[in-house]
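Written out below as structure tokens is the structure these notes cover.
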Amino acid sequence: MLKQKDLEEYILSFEGAWLDYPFGEKTAVYKIGPRDGENKMFALIEEGSYPAKLSLKCDPQLAAKLREEYETVLPGFHLNKKHWNTIICSGQLKTDQIHDLIRHSYILVSESL
């Protein structure tokens, strides 16, 4: 089971990724792009959640497929449900799968900058 610290370390390993708290201290928001210009979020983690709750941007077809296949993949919490999933990191998805989805989110968002 991935913990927030492990997720954050991986997320921040991407080029240009940085942490922000635009919605208050309960939601860690990981962004790319300049801090003082146009930037976009590609991952969110609910602070203190256990198991960790990770929200990621996702291709709509893949997002729907993942929700059908895994009970721990839900429509994005407080996000566009078509383009975002919230993953409860309880172990149903393996670490490599979650890392792949983080990478997928990063690529989708970086291509839109």
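Cluster membership check: V109 shares its hydrophobic cluster with L101, using side-chain heavy-atom separations under 4.5 Å among Ile, Leu, Val, Met, Phe, Trp and Tyr. L7 and I87 fall within a single hydrophobic cluster, where Ile, Leu, Val, Met, Phe, Trp and Tyr are joined by side-chain heavy atoms under 4.5 Å apart, directly or via other members.
Remark: of the listed residues M1, E71, E69, E71 is the sole one forming a side-chain contact (heavy atoms from CB on, under 4.5 Å) with Q92.
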Test side-chain contact (heavy atoms from CB on, under 4.5 Å) applied to F23 and M41, step by step
CA-CA 12 Å; F23 308 122; M41 60 186 187; 4.1 Å; yes
If you apply the rule side-chain contact (heavy atoms from CB on, under 4.5 Å), what do you find for L2 with L54, and how did you get there?
CA-CA 10 Å; L2 285 170; L54 169 68; over 6 Å; no
Start with the C-alpha gap between Y106 and E111, add the side-chain angles, then the distance that decides, and say whether side chain to side chain donor-acceptor pair (under 3.5 Å) holds.
CA-CA 9 Å; Y106 176 84; E111 288 176 345; over 6 Å; no
Go through the steps to decide whether E47 and Y21 satisfy the test side chain to side chain donor-acceptor pair (under 3.5 Å), and finish with yes or no.
CA-CA 10 Å; E47 289 282 358; Y21 288 89; 2.6 Å; yes
Could you go through L74 and N85, starting from their C-alpha distance and side-chain angles, then the distance that decides it, and tell me whether this counts as side-chain contact (heavy atoms from CB on, under 4.5 Å)?
CA-CA 6 Å; L74 309 167; N85 278 338; over 6 Å; no
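Taking a 6.0 Å sphere around NZ of K31, one finds it holds more than 12 heavy atoms contributed by other residues, nucleotides or ligands.
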For residues 55-62, run the donor-acceptor check on the side chains, cut-off 3.5 Å, and write out each pair with its distance to 0.1 Å, sequence neighbours left out.
from: S55; atom 1: OG; to: T86; atom 2: OG1; distance (Å): 2.7
from: D59; atom 1: OD2; to: Q61; atom 2: N; distance (Å): 3.1
from: D59; atom 1: OD2; to: L62; atom 2: N; distance (Å): 3.1

Under 3.5 Å, side-chain donor or acceptor atoms of residues 8-17 against the rest of the protein: list the pairs with distances, not counting sequence neighbours.
from: E8; atom 1: OE1; to: Y30; atom 2: OH; distance (Å): 2.5
from: Y10; atom 1: OH; to: R103; atom 2: NH2; distance (Å): 3.0
from: S13; atom 1: OG; to: Y10; atom 2: O; distance (Å): 2.6

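With values rounded to the nearest 0.5 angstrom, D100 atom CG is found 11.0 Å from T95 atom OG1.
Remark: the backbone N or O of G76 is paired with a side-chain donor or acceptor of K81 at under 3.5 angstrom.
At a threshold of 4.5 Å between non-hydrogen side-chain atoms, the residues I32 and N39 do not count as touching.
Listed here is the closest heavy atom pair of R35 and W18: NH2-CB, 3.1 Å.
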